[in-house]
A.B. asks: 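First the structure, then my questions, so here it is.
So you know, we letter chains A, B, ... as the sequences are listed, proteins then strands, and number each from 1.
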Amino acid sequence: MKLSKYLVATLKEAPNDAETQSHKLMIRAGMIRKVAAGIYNFMPLGLRVFRKVEKIIREEMNNSDAIEVMMPFVTPADLWIKSGRWDIYGKELLRLKDRADRDFCLGPTHEEVVTDLVDREVKSYKNLPLNIYQIQPKFRDEIRPRFGVMRAREFVMKDAYSFDVDEKAADESYSKMFNAYQNIFKRCGLEFRAVEADSGNIGGSSSHEFMVIADTGEDTIMVCDKCDFAANVETTPVIFQEEDLKSENHKKNAGAGKETPEIKIEKISTPSITSVKDLANFLGIAEQRIVKTMIVSTDQGLEAVLIRGDHEISLTKYKKERNLEFVELANDKEIDELKTAKGFTGPIDLEVKIFADNAIKNLVSYVAGSNEKDFHLLNVNHNKDFKINKFFDVREAMEGDRCRCSVDALLSSTKGIEVGHVFKLGTKYSEAMKAGFTDASGKNQNFFMGCYGIGVGRVVAAAIEQNNDEKGISLPLSIAPFEAIVIQADKKNEEVLRVSEEIYNFIKNKGIDVALDDRPESPGIKFKDAELIGIPYQIVIGPKSLAKDVIEFKNRRTNIKEEIPIDNLNKLFELINE
RNA sequence: CGGGGUGUAGCGCAGCUGGUAGCGCACCUGUUUUGGGAACAGGGGGUCGGAGGUUCGAGCCCUCUCACCCCGACCA
């Protein structure tokens, strides 16, 4: 590609609405441009990287016996009604009507369409297993799109769906995909980790997320220092630790209740103090002595959850344990319905079901809200003052928590970007949609399914997030927009023009994805652009080096320059393939 | 959706107490430059997000509205 005929849309300055490095750099490098919130143009250079990632994905999928199809982006409501998700998907599903007022939606994922497709075409166990995939746009009307194409509303996803005769066969399909994903992310040169995860909206029994390790990641992953356990913080089990109760913090309770549950409740004035932190300071006690009462809104109505002051609730665990379709923290209006006061909510006389985290079980004489504005209660005790329906593990794991593998194994946390997710779906969709096949004994069976997604644009963004420096993007060879660039360091010198073109053609004919920077710009601009865009190798041709009968070869990452004699150009390929 | 914020040239921004809409980069023309984002001279580009209002006069004040960004809950 000759850059004089290309659209190089690099910018000196990043727009101020970009936060993360990858977002800033993708805009500066002219890879993407925003069209609307969470909706982007992929520019020529960005598309090059995108296509390379796509190619790797496609190759690995095909190697795993997955078959490519293309399903529609606009999908009819009846399929969604059949699976039951038309009602539960919520606002993220962008719904529209056609001219005859029929309901459609933009596909956020394709379980419905693919289940319907396979059900129509596959009648016999003899045609299974089957794995169908596509690389195609999705639309999810995210509440808050951000970080450029990292979390876009319209994005391209590789989504695959496996169909099997039983659970065992489905497990095999799952591990096949798991391996394919490892290969894909390895080939993209990413530092990543597969972690145990929640299956969320998609549903199913088990799942893993593929996380690219990056400080700006939106997910927190917990990793054990002794075993190979790694999981999303949302689902990381917390091993209940009795010794917490005997800790110094627990005893540091001046102003709060005593250890004996007999002591009477005391109501104290805590004007405008609504946070655990402020309350702990105000009372001069540890946060561990405070129990916060969180109101959640669910498909079963409002419920309360008690969490120790220094802990955070995991709605994911809550949803799973309670077997809910839907859960979120209650809004102010819902809290008002409960005759309580936001920031002062407590468990006593609360007219909803009350659940509690395991850490509350052995806690005695703690501080809780009074359900009256500006007042809290000291010396509150469950069983005596109110009833708890059930205790379970509902808090988020924290750094320093114990791993399930051994007593002295500790968890630490890292941030990650979720680039892929694999799910075991079981018969969730095939049952709902009555999709199945005839088994060897002539009986009808539902398909055992799995689904597997990769956000293609997100892989691009995550790769850039992980591979950049002060000069710009520094992508690995496998997904760089070009593998190498020939730079004319002089725009008039006839010999420079001629030799650079020859060398460019020579390299190109060797199958290297190379660009020729023949733009009438000063050398400085060309160097800066090549580095910003993230091209791994620069081949510089200018009067200086030609005078010595050499060309210059420079590695973007190591910054190491080498001079290569013009009569030994094959050396170039040794260096490129290193 | 709740909370916070921003909309002025393609990008980054300034614009005071209401009184002729500006700067840097980018762009166009010319000359000189040419190995790390060149210099000079000249030039083009704006419904000041939109609508309404107050005023002799609004980028600035008021009302409404739209868009976008940030923090929270969701996800590839």
A.B. asks: So which protein nitrogen or oxygen atoms get under 3.5 Å of nucleotides 23-31 of chain B's nitrogens or oxygens?
C.D. replies:
residue : atom : partner : partner atom : Å
B/G24   : N2   : A/E13   : OE1          : 3.4

A.B. asks: Rounded to the nearest angstrom, tell me the gap between atom CZ in A/F527 and atom P in B/G35.
C.D. replies: 9 Å

A.B. asks: Which letters describe nucleotides 65-72 of chain B, given B = protein heavy atom under 4.0 Å from base, S = only from sugar-phosphate, - = neither?
C.D. replies: ---SSBBB

A.B. asks: In whole angstroms, how far is the P atom of B/A76 from the CD atom of A/E92?
C.D. replies: 9 Å

A.B. asks: Which base sits across from B/A41 as a Watson-Crick or G-U pair, both distances under 3.5 Å?
C.D. replies: B/U29

A.B. asks: Take A/F423 and A/H421, measure what ring-ring contact (aromatic ring centres under 6.0 Å, His included) needs, and give me the verdict at the end.
C.D. replies: CA-CA 7 Å; A/F423 302 82; A/H421 201 157; 4.0 Å; yes

A.B. asks: Rounded to the nearest angstrom, tell me the gap between atom CD1 in A/I184 and atom C1' in B/A76.
C.D. replies: 13 Å

A.B. asks: To the nearest 0.5 Å, what is the distance between CE (A/M211) and CG (A/D219)?
C.D. replies: 3.5 Å

A.B. asks: Across the strands shown, which category fits A/G455 at heavy-atom distances under 4.0 angstrom: base, sugar-phosphate, nothing?
C.D. replies: base

A.B. asks: When the C1' atoms of B/A51 and B/C66 are considered, how many whole Å apart are they?
C.D. replies: 10 Å

A.B. asks: Does this structure show an ion pair linking A/R85 with A/E111, if we count only N-O contacts that are shorter than 4.0 Å?
C.D. replies: yes

A.B. asks: Within the structure, does a side-chain N or O atom of A/S522 lie under 4.0 Å from either OP1 or OP2 of B/A38?
C.D. replies: yes

A.B. asks: Just name whichever nucleotide pairs with B/C56, Watson-Crick or G-U, keeping both distances under 3.5 Å, else none.
C.D. replies: B/G19

